[in-house]
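Report on one structure; see the data block that follows.
Treat the numbers as computed from the prediction; the structure is a model and nothing was measured. Each chain gets a letter, A, B and so on, in the order the sequences are listed, and its residues count up from 1.
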Amino acid sequence: MNPMSSEKKLGKYFYTRELITVAKELLGKILVKYEDGKYLSGKIVEVEAYDGSMDEAAHTFIGKTKRNEIMFEEGGYLYVYFTYGAHFCCNVVTGIKGWGTAVLIRALEPLEGIEFMAFNRYGRNLVREKEKINLTSGPGKVCHAMSITKKHYGYDLTGDSIYILDQPKIKQKNIVVATRIGIKKSVDLPWRFYIKNNPYISRK
DNA sequence: CCACGGATTGGCT
DNA sequence: GCCAATCCGTGGA
């Protein structure tokens, strides 16, 4: 468990609930990765929800394939995919087996291991304050900074390597609801959620 | 086997 | 603000 905090790790119950509930409640929680003796962590400040049963933008809309099969398991696993020939994006699988729902982690506010994140992103330490803002303000950036790759596909979030720590719920009035970014289908679903006035979000 | 396009990013105009 | 980079999953031949 993370030595810098005494908070509780989120358990199976949290993830196996309905998609939108989990998406909103993930805001403010702390994503932790412990690998090679290093702790990297950040507060989740921006997410998007995807539901294959009615959302054409979801990777699970086409049915189960080798790429998306973990999204059809019960909640609490990590779904990592590769896109645009260059970037990984990570998602938290939600709901019960067969649903095909997941929450994309779009942005973090870096907390622990910032020097390692800077090395992963820039190959050196931070020089300017602006670079800290740019570390994890986007889904590809989050994975690059945290060194999350296809190797982490299917990781169990109730395990000891990648997990999420509980934190107080963000108040409804401080959650901004918006449409999702970078998709061409189901563009009107209001399924992007972010913490109001947080400087680490990817886009207003 | 081959063609197509993507839940993005960063650099250049 | 615009656009190329770059690889792999997917689907059709």
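Each of A:Lys141 and A:Cys90 was assigned the nucleotide of DNA chain B with the nearest heavy atom; the assignment lying further toward the 5' end belongs to A:Cys90.
Inter-residue side-chain proximity for A:Asn134 and A:Tyr122 is flagged as met; some heavy-atom pair is nearer than 4.5 Å.
Using a 4.0 Å heavy-atom criterion, one finds that A:Leu104 contacts the bases of the nucleic acid, with or without backbone contacts as well.
Within residues 133-140 of chain A, the residues that have a heavy atom under 4.0 Å from DNA chain B are, in order of number, A:Gly138, A:Pro139, A:Gly140. The stretch residues 115-126 of chain A touches DNA chain B through A:Arg121, each having a heavy atom under 4.0 angstrom from the strand. Within residues 187-203 of chain A, no residue is approached by DNA chain B to less than 4.0 Å at the level of any non-hydrogen atom.
When only modelled atom types and interatomic distance are considered, A:Glu115 and A:Asn125 share no side-chain donor-acceptor pair under 3.5 Å.
A salt bridge (Lys or Arg N to Asp or Glu O under 4.0 Å) check over residues 192-204 of chain A, counting only residues at least two apart or in different chains, returns the pairs A:Glu46-A:Arg192. Under the salt bridge (Lys or Arg N to Asp or Glu O under 4.0 Å) criterion, the residue pairs touching residues 18-33 of chain A are A:Arg17-A:Glu25, A:Glu25-A:Lys169, A:Lys29-A:Asp166, A:Lys33-A:Glu35, with sequence neighbours excluded.
Residue A:Tyr34 is tested with A:Phe116, A:Tyr39, A:Tyr163 for a ring pair (Phe, Tyr, Trp, His ring centres under 6.0 Å); the sole match is A:Tyr39. When each of A:Asn91, A:Leu157, A:Asp156 is checked for a side chain to side chain contact (heavy atoms under 4.5 Å, CB included) with A:Tyr77, only A:Asp156 meets the rule. Of the options A:Pro139, A:Cys89, A:Cys90, A:Cys143, a side chain to side chain contact (heavy atoms under 4.5 Å, CB included) to A:Ile105 is made by A:Cys90 and by none of the others.
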Audit row: A:Tyr15, A:Glu74, side chain to side chain contact (heavy atoms under 4.5 Å, CB included) steps and yes/no: CA-CA 8 Å; A:Tyr15 301 107; A:Glu74 63 177 355; over 6 Å; no
Pair A:Thr60-A:Tyr50, side chain to side chain contact (heavy atoms under 4.5 Å, CB included): steps then yes or no: CA-CA 8 Å; A:Thr60 44; A:Tyr50 287 89; over 6 Å; no
Test side chain to side chain contact (heavy atoms under 4.5 Å, CB included) applied to A:Ile30 and A:Ile44, step by step: CA-CA 6 Å; A:Ile30 299 174; A:Ile44 299 170; over 6 Å; no
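Both A:Val22 and A:Val45 are part of a single hydrophobic cluster, where members link through side-chain heavy atoms under 4.5 Å apart. Under the 4.5 Å side-chain heavy-atom criterion for Ile, Leu, Val, Met, Phe, Trp and Tyr, A:Val176 and A:Phe193 are members of the same hydrophobic cluster.
Remark: A:His144 pairs with no residue by the ring-ring contact (aromatic ring centres under 6.0 Å, His included) rule, at least two apart or across chains. A:Phe88 meets the ring-ring contact (aromatic ring centres under 6.0 Å, His included) test with A:Phe82; sequence neighbours excluded. Under the rule for a side-chain contact (heavy atoms from CB on, under 4.5 Å), the partners of A:Thr101 that lie at least two apart in sequence or sit in another chain are A:Leu19, A:Asp51, A:Thr94, A:Trp99.
More than 12 non-hydrogen atoms from other residues, nucleotides or ligands lie less than 6.0 angstrom from CZ of A:Arg124.
Think of the region where chain A sits on DNA chain B: with heavy atoms and a 4.0 Å cut, that region ends 5' and 3' at B:dG6 to B:dG10.
Using a 4.5 Å cut-off between side-chain heavy atoms of Ile, Leu, Val, Met, Phe, Trp and Tyr, A:Phe72 forms no hydrophobic cluster with any other residue.
Aromatic pair A:Tyr155/A:His152: ring centres closer than 6.0 Å.
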Can you tabulate the close N/O pairs, meaning under 3.5 Å, that link protein atoms to atoms of nucleotides 6-10 of chain C?
unit_1	atom_1	unit_2	atom_2	d
C:dT6	O2	A:Tyr84	O	2.4
C:dG9	OP1	A:Lys150	NZ	2.6
C:dT10	OP1	A:Thr65	OG1	2.4
C:dT10	OP2	A:Thr65	OG1	3.4

Secondary structure of DNA chain C in dot-bracket form (Watson-Crick or G-U wobble, distances below 3.5 Å, | marking inter-strand pairs): |||||.||||||.
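Look at the C1' atom in both C:dC3 and B:dG5: the space between them is 16 Å, to the nearest Å.
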